[in-house]
Amino acid sequence: MTATIERKATNIHWHDGDVTREDRASMLGHKGATLWFTGLSGSGKSTVAVALEKALAARGVLSYRLDGDNIRHGINANLGFSAEDRQENIRRVGEISRLFADSGVIVLSSFISPYREDRELVRRMHAESDLDYLEVFVDCSLEEAESRDPKGLYKKARAGEIRGFTGIDDPYEEPASPELHLRTDSMSLEEEVEIMISSLQTRGIIA
């Protein structure tokens, strides 16, 4: 299911400014980028993003987390969990992530984002804007995620109280070739953060 966006506004024109992306990077001391954390509920996406945000702050690097539940409290409060709403949820967050990254911020976007096609849409958004995008597969077995069940959602899904729950009665399409693959059921949080920091350095995003 390919996202088709009906543009309703007419007579609109893009207005460039005089401050460039390079100017902003010079002010901040690092480039903007998006790290897109995808994985099952309970895999550790938010935990990993929180730890990375703290590590980046300690280095003087400006980052900002976009978390699935948090976003649904505000800008995406009008979306549910149908396939269509999930698609629109990811499209909106992809656009927000692109704006943050363009401003020079390192965006940490944590969303189950179960459908590969929706994630590829976000990747294309960044590629079209020549922005760094790293897909981070936060991977653990369904059994491990279900045993953690931090929000009690798997229990509700197994009881039939939640329909269309990813991993139970709705699919999760694993990334084919993510930039980073974190096995949270076998790696420590410290190891995961070190891997992500190293990757950002190798790509020249941070010093």
Side-chain angles (χ1 to χ4, degrees), residues 20-68 70-71 90 93-141 144-145 148 172-207:
T20 67
R21 186 179 296 166
E22 291 71 23
D23 291 334
R24 292 189 286 270
S26 179
M27 285 186 284
L28 292 169
H30 59 80
K31 294 170 59 179
T34 292
L35 278 74
W36 189 275
F37 298 89
T38 177
L40 293 170
S41 177
S43 62
K45 297 180 299 300
S46 296
T47 299
V48 169
V50 166
L52 178 58
E53 183 182 38
K54 185 174 181 180
L56 289 172
R59 292 171 171 266
V61 174
L62 180 60
S63 65
Y64 192 82
R65 287 184 306 108
L66 298 175
D67 187 84
N70 294 359
I71 288 290
I90 297 308
V93 175
E95 292 286 7
I96 295 168
S97 298
R98 175 163 62 174
L99 289 172
F100 267 101
D102 183 53
S103 76
V105 175
I106 294 178
V107 195
L108 312 177
S109 297
S110 303
F111 294 82
I112 293 173
S113 44
Y115 308 131
R116 193 174 295 121
E117 186 174 18
D118 294 346
R119 298 193 302 267
E120 285 305 307
L121 172 63
V122 180
R123 181 184 292 279
R124 289 196 301 273
M125 288 178 185
H126 286 71
E128 289 166 3
S129 296
D130 195 25
L131 288 165
D132 285 297
Y133 174 85
L134 286 74
E135 186 174 60
V136 184
F137 181 22
V138 185
D139 187 11
C140 77
S141 66
E144 175 64 21
R148 296 173 183 175
Y172 176 76
E173 298 172 359
E174 295 187 359
S177 53
E179 279 71 20
L180 293 169
H181 189 165
L182 306 179
R183 288 301 308 247
T184 60
D185 52 4
S186 60
M187 299 169 65
S188 71
L189 188 57
E190 292 75 16
E191 288 175 320
E192 292 157 5
V193 169
E194 185 177 337
I195 288 170
M196 291 183 288
I197 292 288
S198 177
S199 182
L200 290 171
Q201 290 173 325
T202 299
R203 296 168 189 275
I205 296 170
I206 65 174

Verdict with supporting geometry, Glu128 and Arg124, salt bridge (charged side-chain N to carboxylate O under 4.0 Å, His left out): CA-CA 6 Å; Glu128 289 166 3; Arg124 289 196 301 273; 5.2 Å; no

Pairwise side-chain contact, Glu120 with Glu117, heavy-atom cut-off 4.5 Å (strictly under): no

Distance in Å, Thr34 OG1 paired with Ile205 CD1, rounded so as to fall on 0.5 Å steps: 9.5 Å

Exceeds 12 heavy-atom contacts within 6.0 angstrom, atom CD of Glu194: no

Glu135/Arg116 salt bridge by N-O under 4.0 Å criterion: no

Taking every non-hydrogen atom, the tightest pair across Leu134 and Ser199: CD2-OG, 3.6 Å

Nearest atoms (heavy-atom pairs only) where Ala55 meets Ile197: CB-CD1, 4.5 Å

Closest heavy-atom pair and its distance - Leu108, Ser63: CD1-OG, 4.1 Å

Check: Arg24 side chain, Asp102 main-chain N or O, donor-acceptor pair, under 3.5 Å: yes

Nearest-0.5 Å distance, OG of residue Ser46 to CD of residue Glu53: 11.0 Å

Thr184 vs Arg148 side-chain heavy atoms within contact, under 4.5 Å: yes

Contact check, side chains of Leu200 and His30, non-hydrogen atoms, under 4.5 Å: no

Trace of the salt bridge (charged side-chain N to carboxylate O under 4.0 Å, His left out) decision for Glu144 with Arg183: CA-CA 11 Å; Glu144 175 64 21; Arg183 288 301 308 247; over 6 Å; no

Any side-chain heavy-atom pair of Ser97 and His126 under 4.5 Å: yes

Aromatic plane relationship, Tyr64 with Phe100 - under 30° parallel, 30 to 60° tilted, over 60° perpendicular: parallel

Atom pair CD1 (Ile106) and CE (Met196), whose distance is rounded to the nearest 0.5 Å: 11.5 Å

Spatial distance of atom OG (Ser198) from atom CG (Leu180) [nearest 0.5 Å]: 9.0 Å

Tyr115 vs Ile90 side-chain heavy atoms within contact, under 4.5 Å: no

From CZ (Arg123) to CG (Leu131), nearest 0.5 Å: 13.0 Å

Test salt bridge (charged side-chain N to carboxylate O under 4.0 Å, His left out) applied to Asp132 and Arg203, step by step: CA-CA 9 Å; Asp132 285 297; Arg203 296 168 189 275; 5.8 Å; no

Minimum heavy-atom distance Val193-Leu52, with the two atoms named: CG2-N, 4.1 Å

Aromatic ring pairing Tyr172/Phe137, orientation class (parallel under 30°, perpendicular over 60°, tilted between): parallel

Heavy-atom closest contact (Ser43 atom, Cys140 atom, distance): CA-SG, 3.6 Å

CG-OG distance between Asn70 and Ser110, expressed to the nearest 0.5 angstrom: 9.5 Å

Heavy-atom donor-acceptor pair, Arg119 side chain to Ser113 backbone, under 3.5 Å: yes

Residues Thr20 and Asp23: side-chain donor-acceptor under 3.5 angstrom: yes

Minimum heavy-atom distance between Arg98 and Glu95, given as atom pair plus value: NH2-OE1, 2.6 Å

Residues Lys45 and Asp67 bridged, charged N to O under 4.0 Å: no

